[in-house]
Amino acid sequence: MFPTPIDRTSRPWQITYQTLLPLALILWLLPLIAVAIFSVKPDSDFANANYWGWPSSFEGFTNYALVFTGSDMPQYLLNSFKITSPTVIGAVGLSCMTGFALGIYKFKANIWLFFMFVAGNFVPFQILMVPVRDLTLQMGLYNTITGLVLFHIAFQTGFCTLFMRNFIRALPFELIEAARVEGVSEWRIFWYVVLPLMKPAIAALSVLIFTFIWNDYFWAVVLTQGVESQPVTAGITSFNAQYRAAYHLMSAGSIVAALPPVAMFFLMQRHFIAGLTLGAVK
């Protein structure tokens, strides 16, 4: 049922695995390597079709400086933080409460409510594009950071509730029963008993949601336009002119846009890896 560990396989297979793994890693990183190379080349290299050759001149400092001083990249980065931070707080905060309710209380509609949260995760976002955009226009939230934050919270709460509910159901129920015997109110049980035990799950889920929202491109394009509200994933396209694209600046901007989630991953690596499996089983 489970794959055999590499150290228990035959020696020829171990050698094959050790040979293919670096090749797979290079293929996986090849697009990122290409973007990094493009970001330090002058614009003339693209006109001369020097895509993979050695840069005719090293323009890394100039390109990256121009990204910050000659474009609206600082505003796009600020917009991304304004969108991502409230979304993480809102989605994780709501899911803590909904996960507590669905994981602790047993009532007839429990499984159906849980099914509603889970079912929302299986609806393709592309199907919702037109009605969601029309709804934002009717509510006056189109092209606003507030509108994008609210819809991100709505879409992410289902996954977060699934995550938190499974984690809470794995906690020792005897702790909650003991608190009830002592006469502790349900709100205080949630705040003082359950929530402290959820800190690992909250940390892992926060890293996951931060990565999801920061890298979102679909809703950023559908629900926003313009410098005042677009996040960095959509703002990078501003380097595209009418007749040509500034690929060197677009590549440098892409590297800059990727730094915050990469830094978050390395700072919270232990929680991020745990978030891939935490709450998967009871």
Measure across [X] and [Y] and return the closest heavy-atom pair with its distance rounded to 0.1 Å.
{"X": "Val256", "Y": "Pro260", "result": "O-CD, 3.3 Å"}
{"X": "Ile168", "Y": "Gly99", "result": "CD1-C, 3.5 Å"}
{"X": "Gln156", "Y": "Phe212", "result": "OE1-CD1, 4.0 Å"}
{"X": "Val67", "Y": "Ala252", "result": "CG2-CB, 3.7 Å"}
{"X": "Gln230", "Y": "Tyr76", "result": "O-CD2, 3.3 Å"}

Beyond-backbone contact of [X] with [Y], side-chain heavy atoms, under 4.5 angstrom:
{"X": "Phe159", "Y": "Val118", "answer": "no"}
{"X": "Trp219", "Y": "Val132", "answer": "yes"}
{"X": "Phe151", "Y": "Thr136", "answer": "yes"}
{"X": "Met164", "Y": "Thr98", "answer": "no"}
{"X": "Phe107", "Y": "Leu113", "answer": "yes"}
{"X": "Pro31", "Y": "Val35", "answer": "no"}
{"X": "Cys96", "Y": "Ile202", "answer": "yes"}
{"X": "Leu78", "Y": "Lys82", "answer": "yes"}

Under the 3.5 angstrom rule, does the side chain of [X] hit a backbone N or O of [Y] as a donor-acceptor pair?
{"X": "Asp45", "Y": "Lys41", "result": "no"}
{"X": "Asn79", "Y": "Ile83", "result": "no"}
{"X": "Trp214", "Y": "Ala257", "result": "yes"}

Between Val232, Val222, Thr237, which is the residue that forms a side-chain contact (heavy atoms from CB on, under 4.5 Å) with Tyr217?
Thr237
Spell out, yes or no, whether [X] and [Y] are grouped together once hydrophobic residues are joined by side-chain heavy atoms under 4.5 Å, including indirect joins.
{"X": "Leu137", "Y": "Val221", "value": "no"}
{"X": "Ile127", "Y": "Val130", "value": "no"}
{"X": "Ile89", "Y": "Leu205", "value": "no"}
{"X": "Phe173", "Y": "Tyr192", "value": "yes"}
{"X": "Met116", "Y": "Phe100", "value": "no"}

Does a sphere of radius 6.0 Å around [atom1] in [X] hold more than 12 heavy atoms from other residues, nucleotides or ligands, not counting ones at 6.0 Å or beyond?
{"X": "Tyr17", "atom1": "OH", "result": "no"}
{"X": "Phe58", "atom1": "CZ", "result": "yes"}
{"X": "Arg188", "atom1": "CZ", "result": "no"}

Distance check, rounded to the nearest 0.5 Å: [X] atom [atom1] versus [Y] atom [atom2]?
{"X": "Thr16", "Y": "Gln14", "atom1": "OG1", "atom2": "CD", "value": "10.0 Å"}
{"X": "Met129", "Y": "Leu223", "atom1": "CE", "atom2": "CG", "value": "10.5 Å"}
{"X": "His248", "Y": "Thr62", "atom1": "NE2", "atom2": "OG1", "value": "9.5 Å"}
{"X": "Phe38", "Y": "Ser254", "atom1": "CZ", "atom2": "OG", "value": "11.5 Å"}
{"X": "Met264", "Y": "Thr84", "atom1": "CE", "atom2": "OG1", "value": "9.0 Å"}
{"X": "Trp191", "Y": "Ser185", "atom1": "CH2", "atom2": "OG", "value": "12.5 Å"}

Report the C-alpha separation of Leu197 and Leu175 in whole Å, then their side-chain angles, then the decisive distance to 0.1 Å, and conclude whether the side-chain contact (heavy atoms from CB on, under 4.5 Å) test is met.
CA-CA 11 Å; Leu197 298 176; Leu175 293 174; 3.7 Å; yes
Output every pair passing side-chain hydrogen bond (donor to acceptor under 3.5 Å, both in side chains) with a member in residues 104-123, not counting sequence neighbours, ordered by first then second residue.
Tyr105-Glu186
Set out, in order, the CA-CA distance, both residues' side-chain angles and the distance that settles side-chain contact (heavy atoms from CB on, under 4.5 Å) for Leu32 and Ile255, then state yes or no.
CA-CA 9 Å; Leu32 181 60; Ile255 296 295; 4.0 Å; yes
Ser39 vs Asn63, side-chain contact (heavy atoms from CB on, under 4.5 Å): CA-CA, chis, key distance, verdict:
CA-CA 7 Å; Ser39 68; Asn63 292 343; 5.6 Å; no
Please work out which of the three classes, parallel, tilted or perpendicular, describes the rings of Phe155 and Phe125, given edges at 30° and 60°.
tilted
With no hydrogens and no angle check, do the side chains of Ser95 and Thr157 hold a donor and an acceptor under 3.5 Å apart?
no
For Ser85, side chain to side chain donor-acceptor pair (under 3.5 Å) partners two or more places apart
none
With side-chain contact (heavy atoms from CB on, under 4.5 Å) as the criterion, how do Leu77 and Phe68 come out once you've worked through the C-alpha distance, each side chain's angles and the decisive distance to 0.1 Å?
CA-CA 10 Å; Leu77 289 171; Phe68 286 98; 3.9 Å; yes
Can you give me every donor-acceptor pair (side chain of residues 138-150, partner residue at least two apart or in another chain, under 3.5 Å) with its distance?
{"unit_1": "Asn143", "atom_1": "OD1", "unit_2": "Gln225", "atom_2": "N", "d": "2.7"}
{"unit_1": "Asn143", "atom_1": "OD1", "unit_2": "Ser229", "atom_2": "OG", "d": "2.5"}
{"unit_1": "Asn143", "atom_1": "ND2", "unit_2": "Gln225", "atom_2": "O", "d": "3.0"}
{"unit_1": "Asn143", "atom_1": "ND2", "unit_2": "Glu228", "atom_2": "OE2", "d": "2.9"}
{"unit_1": "Thr144", "atom_1": "OG1", "unit_2": "Leu141", "atom_2": "O", "d": "2.5"}
{"unit_1": "Thr144", "atom_1": "OG1", "unit_2": "Gly147", "atom_2": "N", "d": "3.1"}

